[in-house]
Amino acid sequence: MKKGISILLTMVMALSMAFTGNVSVEDVQAQESDWQANVITVPAEGALIGAGYIDVEFDNSMEGYTYTVYLDGEPMYWIGDDIVKTEIGEEITADAVIKTFTSEDEGKTEVYTTTVSKHELTVKASDGINEFVSDVRTFYVSKKGLALGGDMSDKVSLKKLNCSWYYNWATEAFNNSVDDGVAHVPMMWGDGEDSKEGILNMTSSSNYILGFNEPDIGTQANMSFFDSVDVWKEYISPLNMRKVSPAPAAPGGDSAWLRRFMNGDYICQSPLTGEWGLYTDYLDDATKTWVSGVGDDIDAVVLHYYRSEINFEGLLEAIETLWETYHKPIWVTELSVFGMKGTSADYSYEIYERRVEMTEFVQKIVENLDDIPYVERYCWFSYDIDSTNEIDLWDGSGATAMFEYASGAYTELGRLYSSIGNPEGYVAEVITDDEMYDDGLEEVITPGAGTEETTAPNSTAGQTTSAPSSEETKITAPGKVSIQKIATKKKSAKKLKVTVKKVSGVNGYQVAVYKTKKNAKNNKKAIVKKLVTKRKMTITSKKLKNKKKLFVRVRAYTLNDNRNKVYGKWSKVKRVKIK
């Protein structure tokens with residue numbers, strides 16, 4: 001069939017061009033081939049795109065044909081102005097239609113997916129008898145983004161973190177090296193004049209707009225639900241963009257504020273002051289008025305999730321609560337952990353074990369949220385290494401840092417975030433060793449409540465110093481381990497197998513890999529550090545490069561009564577050649 005339409009097109013185009021000059025059949029065939037290769041103009045070939053609704057632009061200029069867009073070989077079904085999102089459980093009902101286009105329509109539409117993967121777009125043109133299909137346009141979908149204010153860094157690169165999107169609590173992008181090549185999603189922060197002016201003058205090409213920032217608390221947007229509805233209808237509803245709800249400061253998921261904003265509620269005036277408020281507050285029947293919600297105008301709902309502890313199950317429960325309440329896709333636009341020095345919730349950067357716990361937390365977040373189809377997007381909030389930022393006073397949150405604000409140098413957490421959540425086959429950016437933050441710190445054992453236990457910078461490994469407490473816990477460090485066997489794993493230069501001799505009374509081991517023997521002996525600049533529970537361990541890392549000599553050592557740890565790790569002495573350094 002494709003061959004038939006090719007011959008037909010060649011004949012028609014040759015005849016139409018005969019009046020303007022001599023045109024060869026080869027030239028006509030070249031034009032046809034060019035159309036097939038370049039019919040899709042958006043998204044770009046190989047682009048990394050944020051999950052959810054994805055803009056598609058294509059050439060539909062040939063008259064007499066209808067055009068259909070296919071995602072991974074399947075058409076999109078529509079009911080009214082919305083796609084049937086089968087990935088999140090929506091059903092293709094009898095009133096669903098496949099949208100088609102002619103040369104009189106705008107060559108622009110949407111597809112929808114939340115699958116973190118490589119995807120393929122094609123356009124089919126048909127005149128009712130013959131049809132042909134465009135060349136495949138390949139792109140990649142990711143959910144991963146970052147919340148990054150202008151005060152947080154002017155040197156970090158969002159592209160290096162392999163983010164498919166970001167936002168900065170503003171309508172305009174940075175438009176500099178920080179966000180080069182990464183899509184910006186604008187936000188209407190609140191109801192101030194600057195926010196209104198920003199929306200009216202917005203030049204964003206984004207297909208999404210984010211709603212107000214924590215309007216339910218006084219220190220942020222501070223808006224009543226009924227004022228928010230009015231502002232929304234005036235400034236956001238008219239925009240030809242997908243709408244993401246306001247973001248309440250409600251880590252449990254749903255909130256009374258969001259329910260009113262989505263579904264509506266009664267308000268009335270105070271008999272004393274004349275101020276408008278909730279009916280349940282003033283109970284004035286004379287002025288009782290219903291304010292309709294704007295839930296039908298919302299394409300996705302937002303979760304902000306901050307806790308003073310690492311609570312992965314709580315995050316999943318909050319997401320599930322939002323989904324069960326609204327059955328709309330979810331964006332987690334602020335996600336982090338805050339802490340305070342000198343307390344049991346101390347997540348300071350200098351506490352090595354807290355950094356390890358944070359990497360495990362982020363790894364779980366990415367792996368699980370990527371697999372939840374109704375989570376469209378998520379982004380981490382990175383405190384600075386010393387916990388500072390413009391508005392937060394928490395001084396023990398540095399373990400959440402993915403980069404140092406001042407220099408843009410990446411932490412191990414940042415390097416992890418860069419390496420995960422990327423679609424298979426996408427050529428991801430890699431953070432090199434010379435782009436890493438060098439803290440010069442020795443590891444610090446996480447304190448229990450009211451205590452601080454650290455490995456002193458110049459002490460013998462395994463010895464600890466403890467702040468006095470009313471109930472001292474006797475700490476017994478495990479014995480020194482020795483490496484029994486070390487080798488690269490067959491057929492993979494990125495896997496290292498290490499076996500240590502058995503030591504009694506051990507809960508687990510820490511293995512570290514270094515570029516030089518000097519670094520290994522001084523415990524500086526390890527390129528890989530990993531906690532394991534078995535003495536036969538496999539270390540997997542992209543940093544284990546072929547034909548490189550590396551240096552490895554291992555130490556054991558036990559857990560004290562507070563479940564804190566107590567380390568023994570490091571083993572002797574062993575050299576291994578990656579091959």
Side-chain angles (χ1 to χ4, degrees), residues 50-53 82-91 112-117 141-147 164-165 167 185 208 210-217 225 242-265 293-338 357-381 400 417 420-421:
Y53 292 94
D82 205 0
I83 295 173
V84 180
K85 298 179 282 295
T86 55
E87 285 185 35
I88 63 173
E90 295 180 357
E91 295 183 356
Y112 184 90
T113 182
T114 61
T115 301
V116 177
S117 178
V141 164
S142 162
K143 299 181 181 184
K144 183 176 66 176
L146 197 75
S164 61
W165 72 286
Y167 80 103
V185 178
Y208 278 100
L210 291 165
F212 316 120
N213 187 68
E214 298 185 351
D216 53 332
I217 60 175
F225 95 88
R242 293 291 177 180
K243 282 86 175 177
V244 184
S245 78
D254 194 21
S255 70
W257 191 98
L258 186 59
R259 285 196 299 274
R260 292 186 175 103
F261 178 83
M262 298 286 284
N263 303 324
D265 204 346
V294 293
D296 290 342
D297 197 32
I298 302 296
D299 294 290
V301 291
V302 170
L303 173 68
H304 279 188
Y305 190 82
Y306 290 96
R307 294 290 193 189
S308 60
E309 61 179 355
I310 293 175
N311 186 351
F312 178 70
E313 293 303 323
L315 171 63
L316 295 185
E317 288 172 5
I319 290 171
E320 184 68 17
T321 296
L322 268 183
W323 171 249
E324 290 298 329
T325 303
Y326 300 107
H327 284 280
K328 289 180 180 287
I330 296 165
W331 287 37
V332 187
T333 57
E334 288 189 38
L335 171 58
S336 198
V337 179
F338 61 85
E357 291 172 348
M358 203 63 65
T359 58
E360 292 171 350
F361 181 45
V362 170
Q363 181 97 35
K364 277 187 177 181
I365 288 168
V366 172
E367 290 176 353
N368 283 267
L369 269 54
D370 277 354
D371 287 341
I372 299 175
Y374 48 82
V375 173
E376 274 186 6
R377 301 191 188 185
Y378 57 81
C379 59
W380 185 255
F381 179 86
T400 69
Y417 201 61
I420 59 179

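What you see below is based on every heavy atom in this structure, not just the backbone, and it leaves out hydrogens, waters and symmetry mates. Just so you know, residue 1 is the first one in the sequence shown, and it goes up from there.
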[X] versus [Y]: any side-chain heavy-atom pair under 4.5 Å?
{"X": "Leu316", "Y": "Ile372", "answer": "yes"}
{"X": "Asn368", "Y": "Leu315", "answer": "no"}
{"X": "Lys144", "Y": "Tyr378", "answer": "yes"}
{"X": "Glu367", "Y": "Ile420", "answer": "no"}

Heavy atoms only: give me the nearest [X]-[Y] pair and the separation to one decimal.
{"X": "Asp82", "Y": "Arg242", "answer": "OD1-NH1, 3.6 Å"}
{"X": "Thr333", "Y": "Val302", "answer": "OG1-CG1, 3.2 Å"}
{"X": "Ser142", "Y": "Ser164", "answer": "O-OG, 3.1 Å"}
{"X": "Pro246", "Y": "Pro248", "answer": "O-CD, 3.2 Å"}
{"X": "Val301", "Y": "Lys328", "answer": "CG2-O, 4.2 Å"}
{"X": "Cys379", "Y": "Trp165", "answer": "SG-CH2, 3.9 Å"}

Nearest-0.5 Å distance that lies between atom [atom1] in [X] and atom [atom2] in [Y]:
{"X": "Ile365", "Y": "Ser336", "atom1": "CD1", "atom2": "OG", "value": "8.5 Å"}
{"X": "Asp265", "Y": "Phe225", "atom1": "CG", "atom2": "CZ", "value": "5.0 Å"}
{"X": "Leu322", "Y": "Ile330", "atom1": "CG", "atom2": "CD1", "value": "5.0 Å"}
{"X": "Leu369", "Y": "Leu335", "atom1": "CG", "atom2": "CG", "value": "7.5 Å"}
{"X": "Ser245", "Y": "Phe212", "atom1": "OG", "atom2": "CZ", "value": "10.5 Å"}

For this session: If a pair satisfies side-chain hydrogen bond (donor to acceptor under 3.5 Å, both in side chains) and one of its residues is in residues 314-327, list it, with sequence neighbours excluded.
Result: Asp254-Tyr326, Glu320-Tyr374
For this session: For side chain to side chain contact (heavy atoms under 4.5 Å, CB included), just list the numbers for Glu313 and Asn311, CA-CA rounded to whole Å, side-chain angles, deciding distance to a tenth of an Å, and then say yes or no.
Result: CA-CA 6 Å; Glu313 293 303 323; Asn311 186 351; 4.1 Å; yes
Exercise. Going through the distances and angles, do Tyr167 and Trp331 end up as a side chain to side chain contact (heavy atoms under 4.5 Å, CB included)?
Worked result: CA-CA 12 Å; Tyr167 80 103; Trp331 287 37; over 6 Å; no
Problem set entry | Residues Asp371 and Lys143 bridged, charged N to O under 4.0 Å |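 No, this pair does not count.
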For this session: Give the intermediate values and the outcome of salt bridge (Lys or Arg N to Asp or Glu O under 4.0 Å) for residues Asp296 and Lys243.
Result: CA-CA 10 Å; Asp296 290 342; Lys243 282 86 175 177; over 6 Å; no
Problem set entry | CA sep, side-chain torsions, deciding dist, call: Phe338, Thr400, side chain to side chain contact (heavy atoms under 4.5 Å, CB included) | CA-CA 8 Å; Phe338 61 85; Thr400 69; over 6 Å; no
With distance as the sole test, does [X] use its side chain to make a donor-acceptor pair with the main-chain N or O of [Y] at under 3.5 Å?
{"X": "Thr114", "Y": "Pro373", "value": "yes"}
{"X": "Asn263", "Y": "Gly295", "value": "no"}
{"X": "Arg377", "Y": "Ala51", "value": "yes"}

Exercise. Side chains of Tyr112 and Glu87: is there a donor and an acceptor less than 3.5 Å apart?
Worked result: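 Distance-only check fails for Tyr112 and Glu87.
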For this session: Indicate whether the side chain of Tyr208 and that of Glu376 have a donor and an acceptor atom separated by less than 3.5 Å.
Result: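 Checked: Tyr208/Glu376 side chains pair up, N/O donor to acceptor below 3.5 Å.
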Problem set entry | Step-by-step side chain to side chain contact (heavy atoms under 4.5 Å, CB included) determination, Glu334 to Asn213 | CA-CA 10 Å; Glu334 288 189 38; Asn213 187 68; 3.4 Å; yes
